[in-house]
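Notes for the one structure printed next.
The sequence lines fix the lettering, A, B, ..., with proteins before strands; numbering per chain opens at 1.
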Protein chains: 2
Amino acid sequence: MPVTRKPDERLRDVSRRMILDRTAGLLVRQGYGATSLRDIAQACDMKAGSLYYHFDGKDALVEEIMTEGVKRVEASVLDALQAASGSPPLDRVRIAMEVHLRTLHDKSDYGSAHIRCFAHVPADIRHRLRSTRAGYDAVWARLLSEAQQAGAIAPDIDLHTLKFAIIGMMNWTLEWPLQNGVGPEEMANSFFRIAFMGAGQD
Amino acid sequence: MPVTRKPDERLRDVSRRMILDRTAGLLVRQGYGATSLRDIAQACDMKAGSLYYHFDGKDALVEEIMTEGVKRVEASVLDALQAASGSPPLDRVRIAMEVHLRTLHDKSDYGSAHIRCFAHVPADIRHRLRSTRAGYDAVWARLLSEAQQAGAIAPDIDLHTLKFAIIGMMNWTLEWPLQNGVGPEEMANSFFRIAFMGAGQD
DNA sequence: AAGAAATTATAACAAGTGTTAGGTAAAAGG
DNA sequence: CCTTTTACCTAACACTTGTTATAATTTCTT
């Protein structure tokens with residue numbers, strides 16, 4: 001088991017985290033259906049049967065990763081919003097967009113594994129993940145609502161649709177990468193410009 | 001083989017189309033990995049082995065559906081643009097958005113099957129689909145370029161990013177339905193409003 | 001260092017998958 | 001209507017998959 005650990009780390013915890021990490025990477029690269037337990041085990045220098053010591057089965061492993069994916073994005077965005085609590089409303093929106101994109105693209109595979117595989121996991125998992133996702137959704141709803149109440153968003157804009165448009169364009173960057181070399185900050189700035197100032201010219 | 005056909009229709013053509021139609025529906029509902037040839041055969045009141053008379057294999061069938069999916073969206077959008085050739089540039093953009101959404105949501109399952117399964121088919125299929133998709137991409141690139149040259153889109157807007165944002169928000173409606181009862185026209189209008197006039201308030 | 005507990009390997013299982021080749025029923029052609 | 005061709009059935013195959021129970025190895029505790 002070629003995994004490095006510190007003296008106070010239990011093997012179980014280190015192995016378990018490594019399995020989660022490597023599986024997340026496989027899910028991003030191959031998708032749910034094309035990632036077998038044997039693939040996962042190989043990526044971990046283990047055998048498939050051993051994975052059952054740590055997880056109840058493939059789907060439990062996958063669900064844990066996907067749940068953690070949403071949680072990580074949510075935590076990152078909340079942290080950033082907390083740190084920017086005194087900033088103007090639309091600045092906070094732009095920051096949230098940037099952090100969302102950074103978490104998806106740069107931080108780890110968990111968030112992107114979630115988005116990539118959501119539509120393909122068994123229905124019961126998807127159902128449970130929907131409510132986890134709804135929590136993060138509420139973060140955006142609150143953020144946009146505050147911005148609209150502060151007068152920063154036009155009153156005729158339906159916030160549900162706006163949230164949807166923003167999240168849609170951001171998450172779509174995982175399916176069809178925007179452009180090589182473009183980072184989260186630049187993406188966020190471009191999308192923010194389009195969504196809030198509009199691409200149109202009078 | 002419970003399928004209705006007209007006197008001039010060949011059984012082969014009718015059966016083949018029915019297999020494509022029903023498979024597209026399954027792909028939308030279940031995804032690529034969870035749709036077996038036995039599922040498809042059952043949906044067609046056939047046995048799995050029989051599908052080989054019409055298609056070389058599962059992947060040939062799936063690829064044909066997904067290719068047709070892009071082609072249908074493209075054809076619909078091009079038709080609509082042709083019919084609106086005298087309209088102002090941004091009207092044409094809005095029409096294209098509406099037709100894109102209508103084709104995805106109301107017309108048939110082929111387009112949505114494409115989007116749902118794209119990230120999950122074998123890499124060689126995905127590679128070929130990428131170039132099919134690039135053709136449709138070019139339709140949008142041209143449309144937006146004409147609008148910008150006509151002065152309808154701000155000169156600082158990068159058209160590649162704008163196209164991306166628009167397609168992203170529209171295609172995301174397949175992953176996470178915007179709202180029950182909202183049709184393509186209303187969606188298109190809302191997304192158009194956000195993307196071109198901006199949600200912000202001065 | 002020894003023994004207990006933890007962690008991984010192993011072999012096997014049952015079920016499912018895409019596919020093939022030969023057979024048969026249905027459609028088409030004259 | 002009869003014959004030929006077409007379209008579907010069938011049985012089997014080889015392989016893959018998630019999973020289980022037991023064995024073996026490694027880690028942890030005293």
Open item on the list: Would you say the ring centers of A:Y136 and A:H100 fall short of 6.0 Å from each other?
Closed with: yes
- [ ] Select base, sugar-phosphate, or nothing to describe what B:K58 touches, counting heavy atoms under 4.0 Å on all strands.
- [x] sugar-phosphate
Open item on the list: For a quick check of understanding: with a heavy-atom distance under 4.0 Å over all strands, which category does A:R38 fall into, base, sugar-phosphate or nothing?
Closed with: base
Task: side-chain N/O B:H54 vs D:dT6 OP1/OP2, d < 4.0 Å - done: no
- [ ] Give a yes/no answer on whether the side chain of B:S50 brings an N or O atom under 4.0 Å of OP1 or OP2 in D:dT10.
- [x] no
Task: Residues within residues 26-36 of chain A bordering DNA chain D, heavy-atom distance below 4.0 Å - done: A:T35, A:S36
Euclidean distance, atom [atom1] of residue [X] to atom [atom2] of [N] [Å, nearest integer]:
| X | N | atom1 | atom2 | answer |
| --- | --- | --- | --- | --- |
| B:I40 | C:dT19 | CD1 | P | 10 Å |
| B:L51 | C:dT17 | CG | P | 14 Å |
| A:Y52 | D:dT20 | OH | P | 6 Å |
| A:L61 | D:dT17 | CG | P | 15 Å |
| A:E9 | D:dC28 | CD | C1' | 15 Å |
| A:D59 | D:dT19 | CG | C1' | 12 Å |
| B:D56 | C:dT20 | CG | P | 9 Å |
| B:M46 | D:dC8 | CE | C1' | 6 Å |

Task: Side-chain (B:Q148) to main-chain (B:A154) donor-acceptor, under 3.5 angstrom - done: yes
TODO: Give a yes or no on whether the backbone of B:R12 and the side-chain of B:S15 come within a donor-acceptor separation of less than 3.5 Å.
DONE: no
Task: Side chain of B:S15 (C-beta onward), nearest among C:dT19, D:dC8, C:dT8 - done: D:dC8
Open item on the list: Can you tell me which nucleotide in C:dA28, D:dT19, C:dT8 comes closest to the side chain of A:L37?
Closed with: D:dT19
Open item on the list: Any donor-acceptor pair under 3.5 Å linking the side-chain atoms of A:R72 with those of A:T103?
Closed with: no
Task: Non-hydrogen atoms of B:L129 and B:T67 that approach each other most closely - done: CD2-OG1, 3.4 Å
- [ ] Determine whether A:I19 and A:M46 make a side-chain contact, defined as any pair of heavy atoms from C-beta on separated by less than 4.5 Å.
- [x] yes
- [ ] For the residue pair B:Y32 and B:P122, establish whether any side-chain heavy-atom pair is separated by less than 4.5 Å.
- [x] yes
TODO: Please figure out whether B:R12 or B:G49 has its closest DNA chain D nucleotide nearer the 5' end.
DONE: B:R12
